[in-house]
Colleague: 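Sending over a structure as structure tokens; questions will come in a sec.
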Number of protein chains: 2
Amino acid sequence: MTKKPDLSAQIAKAIRDAIISGEMNVDERLPSEAELSDQFNVSRPTVREGLKRLAAQNLIRTQRGASGGAFVNRLSFEDAYPQQITTSTLLLSMNAVSFDTACEARFALERACATLSSQRRTPDHLATMRAEIVRQGQPGLTDEAFCASDVAFHRALVDGAGNPVLSYQLAGAVEAMQPLMNMITFTARSRERIVELHTTIADALENRDPVAIETTLHCLAEYTVELAHNVISARNR
Amino acid sequence: MTKKPDLSAQIAKAIRDAIISGEMNVDERLPSEAELSDQFNVSRPTVREGLKRLAAQNLIRTQRGASGGAFVNRLSFEDAYPQQITTSTLLLSMNAVSFDTACEARFALERACATLSSQRRTPDHLATMRAEIVRQGQPGLTDEAFCASDVAFHRALVDGAGNPVLSYQLAGAVEAMQPLMNMITFTARSRERIVELHTTIADALENRDPVAIETTLHCLAEYTVELAHNVISARNR
DNA sequence: TCACATCCAATTGTCAGACAATTAAGCTTT
DNA sequence: AAAGCTTAATTGTCTGACAATTGGATGTGA
């Protein structure tokens, strides 16, 4: 038995397919809402609901006024980032994905960047990582700020690979972990250990030593999982 | 200068934030459209446009009838897959990402699964891969069918890692390549070579030899790039 | 002729009200 | 108690209208 999707969903699908198939090009103007409601034989509000669906996916943008209308949007990596992060975060929080599983995926993906990053990282990437390491060592830093700095550090490592596709994919894996990481309360000792590992990674990156990066990332993953388990077992008591 | 987003976008954001922050739980019912239009002081069509935006992101589902309404949707990996693939595909096609860059990202990520997959793959994963290899060797297979089988093969390799987060992230990288791969017209000889490499990978996975998997994936990546370059230089003539 | 102000038409954004379609719950009848 | 009927709540769709915005056309003056 076939379901009967909304008219607005059907319209959105028709236009989306036209965009994906290349039938419509970037910055091309869609017919006006009035014309679309004629073509699809539905009312204007229904057309608008369909267009809002596409707008929510960043596939179109709209502009008011004469020679305004809806235009096919160039989907930029910049636009896609927040969407990717939101989706990944919700996937983790709504599906009872264990901390271990998420952590394993994150560091496996990050290790995939090690070789490329060691070849291509610029002084800029190194400087960012060093700066974040310094920040992470400062006393009085809240756990949230520490996590945010941690994300920035790893992001620099990933961006060092100089591959926007990798950066995009990793954004989801790395940033989506942040809410999970925020469960962890970092002691002075655990922060010290993490900073130590980060320093090792930065050194290895500076020396273009991919093996050392991968090894240290592995240690970091194991240590992170260990911290999380301590929190969980402490909570059970 | 502050931008002035649509009312429907503001409403969507407000509700989305409530969902992300955990203020609303999965399967919880939103207020009816009439109530929402009261709360936000806007008309019902405007509320509906906002809700459609959320529906397009799979954040809510709606149901008609008494005790119907809009409900917070459990975002499943299954739902997120197509979205992820669509977005990744458009990112590649709209941003002049070179074949090399996309290919590099894809195989780097895939190599990240090699170790885990060699530890955890089941006979089922191996069987799928062997079956796809057989299909790829059949004469008379269209280029598109060959590509689809290629995707299925690599997907089995990734799924072998037994980590849903990895499978999700890789779906974007692997499937989004398909339109690019379809540019390539495979000769009998190139197909033979690819099948050969696939067989090596399957053997290595069977023997739980992650190093061999990674090495062969590297060869496959280089060979794929080489094929693409041949197509491009042939087209220039 | 050129710069500038004004008006106009096209288009999206928003609203109000209505009716249709669907569905769960309650009520009635057998 | 089971089956059918009624009803109320809710989303889906339509019609028509007006507001807000904006680019282009038009007209005016120096």
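Note that this is a predicted model, so its numbers are computed, not measured. Chain letters run A, B, ... following the sequence lines, proteins first, then strands; residues in each count from 1.
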Colleague: Quick one: salt bridge (Lys or Arg N to Asp or Glu O under 4.0 Å) partners of B/R130, sequence neighbours excluded?
Modeller: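 Here the qualifying residues are B/D203, B/E206.
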Colleague: For the residue pair B/F77 and B/Y168, categorise the inter-ring angle as parallel (less than 30°), tilted (30 to 60°) or perpendicular (more than 60°).
Modeller: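 Answer is perpendicular, since the angle exceeds 60°.
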Colleague: Could you give the distance from CG (A/L220) to CZ (A/F107), rounded to the nearest 0.5 Å?
Modeller: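 If I round to the nearest 0.5 Å, the distance is 4.0 Å.
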Colleague: Tell me whether the count of non-hydrogen atoms from other residues, nucleotides or ligands lying under 6.0 Å of CD in A/E144 goes above 12.
Modeller: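 Not buried by this count: 12 neighbours or fewer within 6.0 Å.
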Colleague: For A/R135, enumerate each residue passing the salt bridge (Lys or Arg N to Asp or Glu O under 4.0 Å) test, keeping only those at least two apart in sequence or located in another chain.
Modeller: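 Partners of A/R135 under the salt bridge (Lys or Arg N to Asp or Glu O under 4.0 Å) test: A/E132.
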Colleague: Quick one: ring-ring contact (aromatic ring centres under 6.0 Å, His included) partners of B/F40, sequence neighbours excluded?
Modeller: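 For B/F40, no residue satisfies ring-ring contact (aromatic ring centres under 6.0 Å, His included) once neighbours in sequence are set aside.
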Colleague: Take B/D6 and A/K52 through the salt bridge (charged side-chain N to carboxylate O under 4.0 Å, His left out) test and state the conclusion after the steps.
Modeller: CA-CA 10 Å; B/D6 296 0; A/K52 293 310 172 194; 3.2 Å; yes
Colleague: What does the 5'-to-3' dot-bracket notation of DNA chain D look like when only Watson-Crick and G-U wobble pairs under 3.5 Å count, and pairs to other strands show as |?
Modeller: ||||||||||||||||||||||||||||||
Colleague: Would you mind listing every salt bridge (Lys or Arg N to Asp or Glu O under 4.0 Å) that reaches into residues 151-168 of chain A, with sequence neighbours excluded?
Modeller: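 Every salt bridge (Lys or Arg N to Asp or Glu O under 4.0 Å) pair that includes a residue of residues 151-168 of chain A, provided the two are not neighbours, is A/R155-A/E175.
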Colleague: Restricting to non-hydrogen atoms, name the atom on A/C147 and the atom on A/Q178 that form the minimum distance, rounded to 0.1 Å.
Modeller: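 Minimum heavy-atom contact is C-NE2, 3.8 Å.
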Colleague: I'd like to check the ring-ring contact (aromatic ring centres under 6.0 Å, His included) partners of B/F146; sequence neighbours left out, ordered by chain and number.
Modeller: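 Only B/F186 meet the ring-ring contact (aromatic ring centres under 6.0 Å, His included) criterion with B/F146.
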Colleague: Output the residues of residues 6-14 of chain B in contact with DNA chain C, where contact means a heavy atom of the residue under 4.0 Å from an atom of the strand; sort by number or write none.
Modeller: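 Result for residues 6-14 of chain B: B/D6, B/L7, sorted by number.
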Colleague: Do any pairs count as a side-chain hydrogen bond (donor to acceptor under 3.5 Å, both in side chains) and have a residue in residues 84-93 of chain A, sequence neighbours left out, and if so which ones?
Modeller: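 Those involving residues 84-93 of chain A are A/Q84-B/Q169.
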Colleague: Under 3.5 Å between N/O atoms: give me all the protein pairs with nucleotides 5-10 of chain C, atom names plus distance.
Modeller:
from	atom 1	to	atom 2	distance (Å)
C/dA10	N3	A/A66	N	3.2

Colleague: Counting only non-hydrogen atoms, which of residues 38-55 of chain A are less than 4.0 Å from DNA chain C?
Modeller: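 Nucleic-acid contacts, sorted: A/R44, A/R48, A/K52.
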Colleague: Among residues at least two apart in sequence or on other chains, which ones pass side chain to side chain contact (heavy atoms under 4.5 Å, CB included) with A/Q10?
Modeller: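 Side chain to side chain contact (heavy atoms under 4.5 Å, CB included) list for A/Q10, sorted by chain: A/P5, A/L7.
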Colleague: Distance from A/M94 atom CE to B/N73 atom CG, nearest 0.5 Å?
Modeller: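 It is 7.5 Å, given to the nearest 0.5 Å.
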Colleague: Under a 3.5 Å distance rule, please check whether B/R29 uses its side chain to pair with a backbone N or O of B/F71 as donor and acceptor.
Modeller: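 Such a contact is absent between B/R29 side chain and B/F71 backbone.
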Colleague: Got A/L157 and A/H125 here, is their nearest side-chain heavy-atom distance under 4.5 Å?
Modeller: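 SC-SC contact between A/L157 and A/H125 ruled out.
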Colleague: What are the 5'-most and 3'-most nucleotides of DNA chain D lying under 4.0 Å from any heavy atom of chain B?
Modeller: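 The protein-touched segment is D/dA8 to D/dT21.
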